[in-house]
*Asks:* 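Please see the structure below; I have some questions.
Proteins come first, then strands; the chains are lettered A, B, ... in the order of their sequence lines, and each starts at number 1.
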Number of protein chains: 2
Amino acid sequence: MRSEDIAKLAGVSRSTVSRVINNYSNVPEETRAKVLKVIEQHQYEPNSFARALAGKKTDTIGLFAISMNEKENTTRIYQNNYFAPFVDAVVDTANARGCYVLIHTVYSPDDFLKVKQAFLQKRIDGGIIVGTQKDIDIVREMVGLDSPLVLIDYDISEIMSEHLDRNHLAVVNSKDYEGATEAIEYLIGLGHAEIGIICGRMNTYSGRERYMAYEDTLKRHGLPLNENFILQGDFLKETAYDEVKKLLASGGPLPTAFFSSNDDMAISAMEAFSEQNIAVPEEMSIAGFDDIQMASRIQPKLTTVRLPIYEMSKAAVEKVIELCDSQQPTFSTISFPARLIARDSCQPPKQ
Amino acid sequence: MRSEDIAKLAGVSRSTVSRVINNYSNVPEETRAKVLKVIEQHQYEPNSFARALAGKKTDTIGLFAISMNEKENTTRIYQNNYFAPFVDAVVDTANARGCYVLIHTVYSPDDFLKVKQAFLQKRIDGGIIVGTQKDIDIVREMVGLDSPLVLIDYDISEIMSEHLDRNHLAVVNSKDYEGATEAIEYLIGLGHAEIGIICGRMNTYSGRERYMAYEDTLKRHGLPLNENFILQGDFLKETAYDEVKKLLASGGPLPTAFFSSNDDMAISAMEAFSEQNIAVPEEMSIAGFDDIQMASRIQPKLTTVRLPIYEMSKAAVEKVIELCDSQQPTFSTISFPARLIARDSCQPPKQ
DNA sequence: CTGAAAGCGCTTACAG
DNA sequence: CTGAAAGCGCTTACAG
């Protein structure tokens, strides 16, 4: 069934059929009704490719999740507790706005070709990239494609200094620095003076921000920065588990609290401690970041920093759509607060 | 940049450009190289819509997650521990096969229009539907669209009796009945005689299968079926929590073990019990179904039935692609085993 | 081996 | 208000 067929059946031309489909105002109500009736009777839907070819939008946005450093065969991306809610929220919002979403994951630099193709082949009106690593070259390349693009979680100052701030681009961030600061000050307020950190991947924006907040806050409070208490994680639970075990095995002194750069690692750390009979929170306080679903379902319930993922995703979707609609290349950026959710995994240090 | 431009630059016709893009054999190596060079220089990618219009495939498959009974504003679909891994695995497999995936969620019957449109508008070559409820009318309608379609988790006998088994259709299931049977027999083997169940949504195939396994197995072993121990759940954690609390509040006798139709509910039940100081597994054994990520990270680690989601998803993707490629309408079905993973949440009943 | 031409199914000036 | 026509960017018989 093509518009031609509908036209014949309704006794009009394809032009008219097209006009009613596209809601042109200059179609008499009677004609419109006649055409609409035939369309409904036959469940006609215009071929989306033909429409797109003829200049309409695709009504599809791309969602690309970058997860370069994930190890093979371990947690994949949607089981990744960080990405899953973004995917969830983006699809949700986009669907509600009548957009389809094309999803692609990127595990290696080669996979990037696919996301470039999605743009170049005109499969999508615009795209959202989440989880970009610190790699201004890739960002430059993507921005160079000159399609509406929204980056979730990327260092704005880097974009500014590279003068990438005047294309069809928007950046949506969360205030990780402030959120992490709040968590650490909470720990300090509880009386902790020896605070360790499990780092995230330092080549991501959030990984660095969360770490910097840790370092700055300790310094500001005149607290020692003990190298042994700075565990090199990568956001993955296995690594955090191993690092904690290693610290424990070393037999050296322990901090009284740990701030973990994400919940997944915080929970592994809890496991590692409890296996060594170090009670959380009695003997060791742990705070996480992200507030993943599991955080409130384990024992003790995890104190963490909540990321406003839904709001961020929604903003990202609205931004791409806005960029698709507007002619003027604009650059914009928006940052959402991340706030502490105090639960049961932290308490004052033992005397 | 269009094929026309490439053609000019390479000194050939569009036809030839198209031939090299589509890997026709009758292009001399020299010509091919010349064209390829220009293509690469300009990062040219053929417009996917034009290709599709001209008869090529879209190289896109649809993934539709149906979640009709989810309550508003509560767990959305990708945070849904059942769907997330399917999405993960499907995207993964499809991407690896060079396919894009178009995702859409269905929360209400109205949303179904969108999935129909995706087919009708020819946006995708074929689709995968996961989470279809027992609604043969919708299935009939989808199958009637006459596009390659794979159903994950649907009652095959229903399809057979409706004679829907000769279209571009495939069904991918897991052996929930056998898996649930294994779990219940394990409980029985441990010595439990009073076994309760937390039901899933009975309008889904897996909800019914898991329940039937429970009923049949108890009967086969001559064990009593106590109505009070049959909790009406719907796969959602909140409902399970409430139901367990209600049972506890009733003050009536308790079973010594519960089989929960999914892990999410099993974990809620554990919470509810522990809040009433009923120790799991000492005083109450609990077995779940799905083996979600959280199952092995909570205390006690949950005994559950593992669903081979990755294999199922992979089969689904391969099946749609196969259906897209083949001319003959075929019907096929494949069923994957689900097996018990015994962990720490079950033990023999207290004397 | 390769180009000219028709066709895929739409949309949108253009002309009336 | 509405139809004929051009055009979107490809692919693929067809003819040579």
Side-chain angles (χ1 to χ4, degrees), chain A residues 1-36 38-39 42-60 117-125 147 324-325 327, chain B residues 1-36 38-39 42-60 117-125 147 324-325 327:
Chain A
M1 187 102 318
R2 303 154 307 144
S3 67
E4 174 94 54
D5 304 315
I6 299 295
K8 276 199 190 116
L9 258 18
V12 297
S13 71
R14 278 147 70 210
S15 312
T16 299
V17 170
S18 182
R19 286 190 191 100
V20 348
I21 287 172
N22 292 295
N23 255 302
Y24 276 46
S25 57
N26 56 355
V27 179
E29 209 33 69
E30 199 177 344
T31 311
R32 177 183 306 278
K34 193 169 56 179
V35 174
L36 245 24
V38 179
I39 286 180
H42 297 269
Q43 283 203 46
Y44 166 75
E45 289 288 341
N47 182 305
S48 60
F49 295 146
R51 295 192 86 184
L53 234 204
K56 287 293 193 183
K57 289 189 304 177
T58 66
D59 292 326
T60 304
Q117 283 180 338
F119 283 100
L120 258 15
Q121 296 175 346
K122 297 276 153 57
R123 288 175 180 271
I124 52 180
D125 295 329
S147 294
C324 294
D325 290 341
Q327 303 308 318
Chain B
M1 188 101 319
R2 304 154 305 144
S3 66
E4 175 94 54
D5 303 317
I6 301 295
K8 276 200 190 115
L9 259 16
V12 297
S13 71
R14 278 147 69 210
S15 312
T16 298
V17 171
S18 181
R19 285 190 191 98
V20 349
I21 287 172
N22 292 294
N23 254 301
Y24 276 44
S25 56
N26 55 356
V27 180
E29 210 32 67
E30 199 179 344
T31 311
R32 177 183 306 279
K34 192 170 55 179
V35 173
L36 246 23
V38 179
I39 287 180
H42 296 270
Q43 283 203 45
Y44 166 74
E45 290 287 341
N47 181 304
S48 60
F49 295 145
R51 295 193 85 183
L53 233 205
K56 287 293 192 184
K57 290 190 302 176
T58 65
D59 293 326
T60 304
Q117 283 181 337
F119 284 100
L120 257 15
Q121 297 176 344
K122 298 275 153 53
R123 287 176 182 270
I124 52 180
D125 295 329
S147 293
C324 293
D325 290 341
Q327 304 307 318

*Asks:* Output yes when at least one side-chain N/O atom of Ser15(B) is less than 4.0 Å from OP1 or OP2 of dG3(C), else no.
*Replies:*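 For dG3(C), OP1/OP2 do not have a side-chain N/O of Ser15(B) under 4.0 Å.
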
*Asks:* I want to confirm an ordering. Mapping Val27(B) and Tyr44(A) to their closest nucleotides on DNA chain C, which one lands closer to the 5' end?
*Replies:*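 Counting from the 5' end, the first nearest nucleotide belongs to Val27(B).
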
*Asks:* Give, for atom CZ of Arg123(B) and atom OG1 of Thr58(A), the distance between the pair rounded to the nearest 0.5 Å.
*Replies:*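 Rounded to the nearest 0.5 Å, the CZ-OG1 separation comes out at 6.5 Å.
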
*Asks:* Go ahead and name the base partner of dA4(D); Watson-Crick or wobble counts if both distances stay under 3.5 Å, otherwise write none.
*Replies:*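 Looking at the geometry, dA4(D) pairs with no nucleotide.
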
*Asks:* Does dT12(C) have OP1 or OP2 sitting under 4.0 Å from an N or O in the side chain of Tyr24(A)?
*Replies:*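 Indeed, a polar side-chain atom of Tyr24(A) lies that close.
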
*Asks:* Using a heavy-atom cut-off of 4.0 Å across all strands, would you classify Thr31(B) as base, sugar-phosphate, or nothing?
*Replies:*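 Sugar-phosphate contact only.
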
*Asks:* Let's test this: given Watson-Crick or G-U wobble pairing with both distances under 3.5 Å, identify the partner of dA13(D).
*Replies:*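 Base-paired to nothing in any strand shown.
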
*Asks:* What is the distance, rounded to the nearest whole Å, between atom CZ of Arg2(B) and atom C1' of dC8(D)?
*Replies:*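 Taking atom C1' of dC8(D) as the reference, CZ of Arg2(B) is at 10 Å.
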
*Asks:* CG of Leu53(B) versus C1' of dG7(C): gap in Å, rounded?
*Replies:*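 For the pair Leu53(B) CG and dG7(C) C1', the rounded distance is 10 Å.
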
*Asks:* If the cut-off is 4.0 Å, is Asn26(B) near the phosphate of dC1(C), judged by side-chain N/O to OP1 or OP2?
*Replies:*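 Checking Asn26(B) against dC1(C): no side-chain N or O falls below 4.0 Å of OP1 or OP2.
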
*Asks:* What is the distance, rounded to the nearest whole Å, between atom NZ of Lys8(B) and atom P of dA4(C)?
*Replies:*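 About 12 Å, once rounded to whole Å.
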
*Asks:* Quickly work out the Ile21(A) CD1 to dC10(C) C1' distance and round it to whole Å.
*Replies:*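 Rounded to the whole Å, the gap is 9 Å.
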
*Asks:* If we count only N and O atoms by modelled type, under 3.5 Å, do the side chains of Arg19(B) and Thr31(B) hold a donor and an acceptor together?
*Replies:*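 On atom types as modelled, these side chains do not qualify, holding no pair under 3.5 Å.
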
*Asks:* Measure CZ/Arg14(A) against P/dA6(D) and give the value in whole Å, please.
*Replies:*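 Atom-to-atom, Arg14(A) to dA6(D), this comes out as 12 Å.
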
*Asks:* Can you check whether Thr16(A) has a side-chain N or O nearer than 4.0 Å to OP1 or OP2 of dG3(D)?
*Replies:*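 Affirmative; the distance criterion is met.
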
*Asks:* Please classify the nucleic acid contact of Ser18(B) as base, sugar-phosphate, or nothing, using heavy-atom distances under 4.0 Å.
*Replies:*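 Base contact.
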
*Asks:* Could you tell me whether a side-chain N or O of Ser15(A) sits under 3.5 Å from a main-chain N or O of Ser13(A), the two making a donor and an acceptor?
*Replies:*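 Checking the backbone N and O of Ser13(A) against the side chain of Ser15(A), no donor-acceptor pair under 3.5 Å is found.
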
*Asks:* Taking 4.0 Å as the cut-off, does a side-chain nitrogen or oxygen of Lys56(B) come that near to OP1 or OP2 on dG9(D)?
*Replies:*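 No, Lys56(B) has no side-chain N/O under 4.0 Å of OP1/OP2 on dG9(D).
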
*Asks:* For Glu4(B) and dG9(D), what is the distance between atoms CD and C1' respectively, to the nearest whole Å?
*Replies:*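 The answer, rounded to whole Å, is 10 Å.
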
*Asks:* Taking only the side-chain heavy atoms of Arg19(A) (C-beta and beyond), determine which of dC10(C), dC10(D), dA4(D) contains the nearest atom.
*Replies:*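 Among dC10(C), dC10(D), dA4(D), the one nearest the side chain of Arg19(A) is dA4(D).
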
*Asks:* Scan Val38(A), Asp5(A), Ile6(A), Leu9(A) and name whichever one has a side chain to side chain contact (heavy atoms under 4.5 Å, CB included) with Tyr44(A).
*Replies:*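 The residue from Val38(A), Asp5(A), Ile6(A), Leu9(A) that satisfies side chain to side chain contact (heavy atoms under 4.5 Å, CB included) with Tyr44(A) turns out to be Ile6(A).
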
*Asks:* Report the distance from atom CG of Leu120(A) to atom C1' of dG9(D), rounded to the nearest whole Å.
*Replies:*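 Distance, rounded to whole Å: 14 Å.
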
*Asks:* What is the distance, rounded to the nearest whole Å, between atom CG of Asn47(A) and atom C1' of dG9(C)?
*Replies:*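 For the pair Asn47(A) CG and dG9(C) C1', the rounded distance is 6 Å.
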
*Asks:* Looking at dT11(D), dC1(C), dC10(C), which one has an atom nearest to any side-chain atom of Pro28(B)?
*Replies:*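 That would be dC1(C).
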
*Asks:* If I compare all heavy atoms of Asn22(A) with all of Lys56(A), which pair ends up nearest, and what's the gap?
*Replies:*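 Minimum heavy-atom contact is OD1-CE, 3.1 Å.
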
